[in-house]
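To start, the structure itself, in structure tokens.
Throughout, a chain's letter reflects where its sequence line sits, starting with A, and its residues are numbered from 1. Worth knowing before you read on, the calculation uses all heavy atoms, side chains too, and leaves out hydrogens, waters and symmetry mates.
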2 protein chains.
Amino acid sequence: MNIGDVSTRSGLPAKTIRYYEDIGLIKPRRSENGYRCFVEADLHKLAFLGRARALGFTIEDCRMLMALYEDESRASGDVKQLALEHLSKIETKIADLEAMRDTLTELVHCCAGDSRPDCPILKDLSGKV
Amino acid sequence: MNIGDVSTRSGLPAKTIRYYEDIGLIKPRRSENGYRCFVEADLHKLAFLGRARALGFTIEDCRMLMALYEDESRASGDVKQLALEHLSKIETKIADLEAMRDTLTELVHCCAGDSRPDCPILKDLSGKV
DNA sequence: CTTGACCTTCCCCTAACTGGAGGCCCCAAA
DNA sequence: TTTGGGGCCTCCAGTTAGGGGAAGGTCAAG
């Protein structure tokens, strides 16, 4: 398979696939013409990476997850711990965003949003509360 | 005021303040020795920027908000629109993160997390569902 | 006079790609 | 046989919003 096929089948852009090779996440062989030459196992790895990234794991997390995946004698506890740490970062981000959302929602509700210059949003940002 | 004082009073790191000058958000005068020389108005702007950034507005949003703030004849509707657009981006991010959280939570609950290699998390990532 | 704190500019680094330039490679049509 | 259009290659630069640190100027106190 050439990179275009793998891109279509994995749903990852070709650029991303080359990048993953650059940073050592995959190691496709090369054809004589220099083209990357992917086998099913590469495609499988890329799909794995795509799913892990979609769950918000960082590239370094993905590297560890792949290593664990390929280690037949792994402990599932190691995977779970990684997932739990990631989960707690996600929870933190959600809480931060919710705080922003709540403040903004309140400000937006206070603002007439018409053609007059009086604006509670700017007033709040300027510290005149 | 020197940058250290402004940093303390605004809560922004000196690096950030220099960066904001670099990108034209503030334009402090200079003393004869080359030091930045801040007046109260600068401090006020920086506090404004700090609050807007804390609400998750991008730098470019901040630039527009500042312009609106300084435009006495602005329409509050313009500010409200900016805030509403930002709010919708935040809602989207929250929804994305919540979807990740839910999937991860389920996977974590399915995983024994012990020393055995069998792991539903890796199984899911590998696509064997 | 020296020391230490503070200030300056400059450059590189982050995460995870994305876009583009310049240049091969390959296949099919005219 | 040539030409055209994709697809592929590598390398470089840019993205966000600053952070880290080096090399060097400035200032106040002891």
Interface polar pairs with nucleotides 18-20 of chain C, N/O, under 3.5 angstrom:
from   : atom 1 : to      : atom 2 : distance (Å)
C/dT18 : OP2    : A/Thr16 : OG1    : 2.8
C/dG19 : N7     : A/Lys15 : NZ     : 3.0
C/dG19 : O6     : A/Lys15 : NZ     : 2.9
C/dG20 : O6     : A/Lys15 : NZ     : 2.4

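- The salt bridge (charged side-chain N to carboxylate O under 4.0 Å, His left out) search around A/Arg101 returns B/Glu91, not counting sequence neighbours.
- Contact check of residues 22-43 of chain A against DNA chain D (heavy atom, cut-off under 4.0 Å) returns A/Arg30, A/Gly34, A/Tyr35, A/Arg36.
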Can you check side chain to side chain contact (heavy atoms under 4.5 Å, CB included) on B/Met1 and B/Cys37, steps first, answer last?
CA-CA 6 Å; B/Met1 272 181 288; B/Cys37 172; over 6 Å; no
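- Annotation: proximity of residues 89-104 of chain A to DNA chain C (heavy atom, distance under 4.0 Å) is found for no residue.
- In plain terms, the two heavy atoms of A/Cys62 and A/Arg53 that are nearest each other are SG-CD, 3.8 Å.
- Near DNA chain D, meaning a heavy atom under 4.0 Å from it, residues 49-62 of chain A has no residue at all.
- Rounded to the nearest 0.5 angstrom, B/Ser88 OG and A/Leu104 CG are separated by 11.0 Å.
- A/Glu106 pairs by the side-chain contact (heavy atoms from CB on, under 4.5 Å) definition with nothing, not counting sequence neighbours.
- Contact check on B/Arg30 versus B/Glu21 returns a salt bridge, with a Lys/Arg side-chain nitrogen under 4.0 Å from an Asp/Glu carboxylate oxygen.
- Within the 3.5 Å criterion, the main-chain N or O of A/Gly34 finds no donor-acceptor partner in the side chain of A/Ser31.
- Shown here for A/Leu107 and A/Ile121, the closest heavy-atom pair between the two residues is O-CG1, 3.8 Å.
- Put simply, CG on A/Leu46 is 15 Å from C1' on C/dA16, counting in whole angstrom units.
- Taking 4.0 Å as the cutoff to heavy atoms of chain A, we find the contact window on DNA chain D bounded by D/dG7 to D/dC11.
- For the helix from C/dC1-D/dG30 to C/dA30-D/dT1, the rotation axes defined at the first and last 5 base pairs enclose an angle of 30°, given to the nearest 10°.
- Listed by first and then second residue, the ring pair (Phe, Tyr, Trp, His ring centres under 6.0 Å) pairs that reach into residues 64-98 of chain A are A/Phe48-A/Tyr69, A/Phe57-A/His86, sequence neighbours excluded.
- Not a single salt bridge (charged side-chain N to carboxylate O under 4.0 Å, His left out) links A/Lys93 to another residue, sequence neighbours left out.
- Minimum interatomic distance between B/Ala14 and B/Ser7 (heavy atoms only, all atoms of both residues): N-OG, 3.7 Å.
- Counting heavy atoms from C-beta on, the side chains of A/Phe38 and A/Arg9 never come closer than 4.5 Å.
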Show, in sequence, the C-alpha distance, side-chain angles and deciding distance for B/Asp118 and A/Ser76, and conclude whether the side-chain hydrogen bond (donor to acceptor under 3.5 Å, both in side chains) test is met.
CA-CA 6 Å; B/Asp118 182 50; A/Ser76 71; over 6 Å; no
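- Every residue two or more places apart in sequence or in another chain was checked for a salt bridge (charged side-chain N to carboxylate O under 4.0 Å, His left out) with A/Arg29, and none qualifies.
- Taking atom CD of A/Glu21 as the reference point, atom C1' of C/dA16 lies 17 Å away to the nearest angstrom.
- Closest non-hydrogen pair, A/Ile26 versus A/Pro28, comes out as C-CD, 3.6 Å.
- Applying the salt bridge (charged side-chain N to carboxylate O under 4.0 Å, His left out) test to every pair with at least one member in residues 63-77 of chain A, sequence neighbours left out, gives these pairs: A/Lys45-A/Glu70, A/Glu60-A/Arg63.
- The CD1 atom of A/Ile17 sits 5.5 Å away from the CG atom of A/Leu12 when rounded to the nearest 0.5 Å.
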